[in-house]
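This report concerns only the one structure given below.
Just so it is clear: chains get the letters A, B, ... in the order the sequence lines come, proteins before strands, and each one is counted from 1.
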Amino acid sequence: DTGVSQDPRHKITKRGQNVTFRCDPISEHNRLYWYRQTLGQGPEFLTYFQNEAQLEKSRLLSDRFSAERPKGSFSTLEIQRTEQGDSAMYLCASSVPAASYEQYFGPGTRLTVT
Amino acid sequence: QKEVEQDPGPLSVPEGAIVSLNCTYSNSAFQYFMWYRQYSRKGPELLMYTYSSGNKEDGRFTAQVDKSSKYISLFIRDSQPSDSATYLCAIVNRDDKIIFGKGTRLHILP
């Protein structure tokens with residue numbers, strides 16, 4: 001399967017713990033995006049990378065959130081000191097730079113903070 | 001005003017009916033319009049995109065953009081139970097970001 005993959009698919013954690021999610025984009029896509037989706041809402045942009053450079057972060061991305069893409073391939077999203085409000089689906093997508101309108105999504109990581 | 005607005009539904013139609021899903025957007029400068037389908041607990045799947053105005057057809061699906069009224073539509077012909085999902089409209093805004101509507105939950109009744 002050459003689509004976008006995410007790991008883990010589900011994560012349950014206690015408030016205050018740190019969590020890390022991984023995304024592997026489509027191999028020829030050098031843009032990688034992170035979104036958050038809550039129930040009844042569309043995905044909301046968090047941040048994106050072009051190759052290893054993080055080009056933009058949404059104001060939704062508090063200081064407790066950090067994302068990396070060290071070698072321009074896979075990316076990680078870490079949430080420190082999780083809060084119940086962080087419970088959501090975290091989605092990763094990838095595209096080629098010239099076609100940011102054509103993003104392909106992974107299956108998402110569903111985070112539940114108890 | 002939100003950049004894209006979508007009625008969340010739910011919308012229930014009998015199998016075989018034509019489905020019409022709609023969104024409005026705020027800025028006439030937007031050029032790219034997309035429709036994504038999302039099954040429960042899955043990631044969104046790009047169905048189709050259109051550039052500027054007009055229609056685009058792919059099998060049973062037709063996307064339509066009316067720039068004069070800032071209205072985008074997705075039509076599904078001969079709807080099937082497997083079409084039951086949430087349909088998200090989206091635009092690319094001036095910052096080159098995809099902005100999604102809330103999604104419309106569609107149920108096709110066998």
Pick whichever of A/Gln103, A/Gln6, A/Met89 has the most heavy-atom pairs under 4.5 Å with chain B. A/Gln103
Residue A/Glu44 versus chain B: region with a heavy atom under 4.5 Å: neither
Against chain B, label A/Tyr101 side chain, backbone, both or neither, depending on which of its atoms sit under 4.5 Å from a heavy atom there. both
Out of curiosity, B/Asp58 CG to B/Arg60 CZ, how far, rounded to the nearest 0.5 Å? 10.5 Å
Per-residue contact mode, B/Arg105 against chain A (heavy atom under 4.5 angstrom): neither
With a 4.5 angstrom heavy-atom cut-off, is it the side chain or the backbone of B/Leu88 that approaches chain A, or both, or neither? side chain
Is there a donor-acceptor contact under 3.5 Å from the side chain of A/Lys14 to the main chain of A/Thr114? no
Is there a side-chain contact between A/Glu56 and B/Lys97 in this structure, where contact means two heavy atoms from C-beta onward sitting under 4.5 Å apart? yes
Do you know which of B/Pro44, B/Gly103, B/Gly43 has the most heavy-atom pairs with chain A at a distance under 4.5 angstrom? B/Pro44
Could you look at B/Tyr36 and say if it's the side chain, the backbone, both or neither that has a heavy atom under 4.5 Å from chain A? side chain
Any cation-pi pair here, B/Arg37 with B/Tyr87, using under 6.0 Å and within 45°? no
Checked B/Arg41, B/Gln31, B/Lys42, B/Glu45 vs chain A; the most non-hydrogen pairs under 4.5 Å come from B/Arg41
Taking every non-hydrogen pair under 4.5 Å, which of A/Pro43, A/Ser100, A/Gly108 racks up the most with chain B? A/Pro43
Looking only at non-hydrogen atoms, find the nearest pair between B/Cys89 and B/Ile72 and report the distance. CB-CD1, 3.8 Å
Do the side chains of A/Val19 and A/Trp34 join up, straight or via other hydrophobic residues, at under 4.5 Å, putting them in one cluster? yes
Parallel, tilted or perpendicular: which one describes the rings of A/Phe105 and A/Tyr35, with boundaries at 30° and 60°? tilted
